[in-house]
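Scroll down for the structure; my scribbles are underneath it.
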2 protein chains.
Amino acid sequence: SAHVIVVANEKGGTGKSTVSIHTTVGLLKAGYRVATIDLDTRQRTLTRFFENRLSWAEQAGTTLEMPFHHALDRGDSADLGDNETREFTAFANAIEQIEHDYEFVVIDTPASDSYLMRLAHSLADTLISPINDSFIDVDVFSRVHHDRAKRGAIAHYADLVLEARRRRRQVDAGMIDWVLLRNRVAALQSNNAKQIAASIEKLATELQFRTAEGLHDRVIFRELFPIGLTALDAIEEAARGGVLTNSQLAARQEIGELIETLRLPVRGP
Amino acid sequence: SAHVIVVANEKGGTGKSTVSIHTTVGLLKAGYRVATIDLDTRQRTLTRFFENRLSWAEQAGTTLEMPFHHALDRGDSADLGDNETREFTAFANAIEQIEHDYEFVVIDTPASDSYLMRLAHSLADTLISPINDSFIDVDVFSRVHHDRAKRGAIAHYADLVLEARRRRRQVDAGMIDWVLLRNRVAALQSNNAKQIAASIEKLATELQFRTAEGLHDRVIFRELFPIGLTALDAIEEAARGGVLTNSQLAARQEIGELIETLRLPVRGP
Ligand SMILES: Nc1ncnc2c1ncn2[C@@H]1O[C@H](COP(=O)(O)OP(=O)(O)OP(=O)(O)O)[C@@H](O)[C@H]1O
Ligand SMILES: Nc1ncnc2c1ncn2[C@@H]1O[C@H](COP(=O)(O)OP(=O)(O)OP(=O)(O)O)[C@@H](O)[C@H]1O
Ligand SMILES: [Mg+2]
Ligand SMILES: [Mg+2]
């Protein structure tokens with residue numbers, strides 16, 4: 001059945017949707033059958049991206065690789081228990097439809113704590129948590145403090161992931177491969193970036209995650225959103241003469257390396 | 001009574017907490033009495049910053065300007081109506097305590113839609129919405145689309161703000177001065193950044209907001225979080241010989257210009 005990739009981090013704007021978009025397109029380009037689920041019921045960035053992609057392909061008279069996409073609806077009753085039941089049912093139905101027909105499911109999540117977002121964590125085979133090079137971002141994993149003695153208390157998001165891991169082990173002894181991905185890394189490495197990298201390496205052992213190389217802050221990772229394309233696609237100017245710009249090459253390399261780092265189960269012969 | 005500054009944007013990671021921190025310290029340095037309310041009950045970035053600031057001042061044996069700070073607690077019953085009543089009461093009490101004793105209240109908000117976050121919007125005299133130079137960020141204000149004919153439908157966050165304005169006008173005919181602030185602007189302006197700036201200028205007329213110059217992406221805006229300092233404070237290396245680094249000067253200038261752009265009511269003689 002499908003290998004589930006969840007992209008999550010309770011911290012806002014770390015790049016969950018950007019990573020979901022590029023991982024999905026990367027796997028599609030590699031020939032895999034990919035399904036996607038957008039759990040960000042209000043913002044729907046992933047859903048909007050694929051709407052733009054479909055619309056662009058139609059007006060260009062071409063076809064572009066598309067995943068089998070599910071956008072979940074928001075539960076909107078005043079009763080939390082009622083909402084949760086409805087959301088669980090919709091999510092379970094979506095998973096059921098895809099788990100036997102697709103090789104990968106990529107699930108994008110919102111930055112707010114919710115029943116649905118926590119449930120997604122327990123379903124992950126691979127959990128990718130993008131993070132910015134910033135102590136504000138580290139603080140949701142482990143409390144930053146100038147005083148070494150007061151540093152390091154496990155914070156609310158790391159807690160959420162550890163709890164999801166416990167639940168998963170109880171259910172089916174399943175393992176969650178947790179990958180931390182530095183995102184929007186600056187071209188020039190500052191002392192701050194070095195310190196962040198060092199903090200993350202220490203945390204990796206304590207929280208049992210591994211770190212991926214990271215994606216730099218590149219305009220090409222965001223400027224194609226209105227037309228639903230990525231650096232992995234044949235972008236018009238680049239398509240002339242088949243020569244890729246340096247930025248498109250660099251972006252493709254970073255996404256390729258990310259997918260390799262994920263050590264996803266590859267299809268048999 | 002106090003002039004209320006709300007820093008909000010439903011999009012995650014646009015810099016709400018960073019702007020809240022620097023606006024607060026900027027106003028304190030200018031000698032104003034400032035109170036702060038942290039509505040991000042789970043992540044508490046603003047609260048964590050002031051905890052770090054207090055702790056750093058104590059270990060350094062100095063005093064640092066501090067606002068009168070309120071961190072709201074999360075409502076945690078299973079009944080939404082019940083939570084909302086509790087949160088409203090706590091928020092109303094916090095406002096009541098400060099509105100006559102302080103000149104400014106800065107309210108930081110979480111990136112998720114909630115009763116409390118919406119209520120804060122209706123209380124704003126000044127609403128600052130930071131935004132990244134990205135179509136993904138524009139999309140929560142107005143739907144981006146390659147096809148000019150399909151572009152521009154008002155999106156969910158702009159909707160939320162317009163609704164808050166309507167409610168406010170009904171309550172006390174009050175006006176919300178909505179300021180859009182481009183944040184994490186790259187040093188080199190790309191075509192993408194130019195397009196974003198142009199989209200924002202068009203939206204400004206339609207949604208009735210004005211735009212502020214913007215803050216560049218500067219490591220100094222984030223590297224001092226663990227010690228609760230900002231570029232506006234006397235940072236150790238900079239304090240030697242009283243010479244400020246270029247980055248500290250540039251950051252101070254940007255925060256100064258931001259506060260000026262806010263056109264806040266200044267105290268009488
Ligand atoms: N590697 C990158 N290079 C350039 N821009 C990026 C990169 N990653 C993310 N961005 C931009 O940063 C912003 C945040 O990214 P994104 O929306 O993917 O994060 P998110 O974690 O999904 O946010 P949210 O918490 O709101 O769901 C967006 O404007 C996006 O275009
Ligand atoms: N102008 C800036 N220069 C450098 N880094 C910045 C700047 N503004 C924000 N950041 C960094 O970007 C990230 C997001 O900023 P911040 O946490 O203030 O946003 P937010 O809108 O409060 O996020 P959330 O939606 O999670 O509450 C943080 O890592 C922060 O340190
Ligand atoms: Mg997202
Ligand atoms: Mg914040």
Side-chain angles (χ1 to χ4, degrees), chain A residues 9-18 42-45 48-49 51-52 55-56 59 77-81 83 110-114 132-140 143-147 150-151 155-157 184 186 190-193 195-196 217 219-228, chain B residues 9-18 42-45 48-49 51-52 55-56 59 77-81 83 110-114 132-140 143-147 150-151 155-157 184 186 190-193 195-196 217 219-228:
Chain A
N9 187 338
E10 204 177 329
K11 181 68 184 78
T14 54
K16 298 178 283 298
S17 302
T18 297
R42 189 136 147 99
Q43 195 163 288
R44 308 174 125 231
T45 307
R48 290 282 300 117
F49 175 82
E51 282 175 4
N52 293 344
S55 164
W56 182 254
Q59 68 83 40
S77 88
D79 182 72
L80 272 178
N83 279 343
S112 44
D113 183 19
S114 71
N132 284 332
D133 267 353
S134 171
F135 286 114
I136 283 183
D137 285 46
V138 173
D139 207 51
V140 307
R143 293 301 180 212
V144 302
H145 202 286
H146 58 88
D147 183 344
K150 295 190 182 152
R151 197 180 296 172
H156 63 285
Y157 179 62
R184 300 193 66 179
S190 59
N191 261 329
N192 179 61
Q195 289 174 353
I196 302 284
D217 198 328
V219 178
I220 200 167
F221 280 132
R222 60 178 183 250
E223 66 185 327
L224 303 171
F225 177 78
I227 56 178
Chain B
N9 188 338
E10 203 175 331
K11 182 69 184 77
T14 54
K16 298 177 282 299
S17 301
T18 297
R42 188 136 149 101
Q43 196 163 288
R44 309 173 124 231
T45 307
R48 290 280 302 114
F49 175 81
E51 281 176 4
N52 293 346
S55 163
W56 182 252
Q59 69 81 40
S77 86
D79 183 70
L80 271 179
N83 279 341
S112 45
D113 183 19
S114 71
N132 284 332
D133 266 354
S134 171
F135 286 114
I136 283 183
D137 284 46
V138 173
D139 205 52
V140 307
R143 294 298 179 215
V144 301
H145 202 286
H146 59 87
D147 183 343
K150 296 191 181 152
R151 197 178 297 171
H156 62 287
Y157 180 62
R184 301 192 66 179
S190 58
N191 261 330
N192 179 60
Q195 289 175 353
I196 303 286
D217 198 327
V219 178
I220 199 168
F221 280 132
R222 60 178 183 249
E223 64 185 327
L224 303 170
F225 177 79
I227 55 178

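Numbered from 1 within each chain, the chains take letters A, B, ... in sequence-line order.
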Could you tell me which of A/Ile196, A/Val140, A/Asn132, A/Asp113 has the largest number of non-hydrogen atom pairs under 4.5 Å with chain B?
A/Asp113
Part of B/Asp147 lying under 4.5 Å from any heavy atom of chain A:
neither
What are the two closest non-hydrogen atoms of A/Gln43 and B/Gly12, and how far apart are they?
OE1-N, 4.4 Å
Highest number of heavy-atom pairs under 4.5 Å with chain A: which of B/Gln195, B/Lys16, B/Arg143?
B/Arg143
Relative to chain B, which of A/Ser112, A/Ser134, A/Ala111 shows the most heavy atom pairs under 4.5 Å?
A/Ser134
Can you say whether A/Arg44 sits under 4.5 Å from chain B via the side chain, the backbone, both, or neither, judging by heavy atoms?
neither
At what distance, to the nearest 0.5 angstrom, does CZ of B/Phe225 lie from NE2 of A/His146?
12.0 Å
Contact part of B/Asp139 toward chain A, heavy-atom cut-off under 4.5 Å: side chain, backbone, both or neither?
side chain
Toward chain A, the part of B/Ser114 with a non-hydrogen atom under 4.5 Å
neither
Quick one: CZ on A/Arg184 to CG on B/Asp217, what's the gap to the nearest 0.5 Å?
6.5 Å
So, using side-chain contact (heavy atoms from CB on, under 4.5 Å) as the criterion, who are the partners of B/Ala193 when residues are at least two apart?
B/Asp133, B/Arg182, B/Gln189, B/Ser190
Can you tell which of A/Glu223, A/His156, A/Arg222 has the highest number of heavy-atom pairs within less than 4.5 Å of chain B?
A/His156
Do you know which two heavy atoms are closest between A/Arg42 and B/Glu10, and how far apart they sit?
NE-OE2, 2.6 Å
Quick check for you: among B/Thr18, B/Thr45, B/Asn191, B/Ile136, which has the greatest number of heavy-atom pairs under 4.5 Å with chain A?
B/Ile136
A/Gly13 to B/Lys11 - nearest heavy-atom pair and separation
CA-NZ, 4.4 Å
Just how far is it from atom NZ of B/Lys150 to atom CD of A/Glu51, taken to the nearest 0.5 Å?
10.5 Å
Measure B/Arg151 against the heavy atoms of chain A and call it side chain, backbone, both or neither at under 4.5 Å.
neither
For B/Val144 and A/Asn52 the tightest heavy-atom approach is O-OD1, 3.9 Å
Are B/Ser55 and A/His145 close enough that some pair of their side-chain heavy atoms sits under 4.5 Å apart?
yes
B/Phe135 versus chain A, the contacting section by heavy-atom distance below 4.5 Å
both
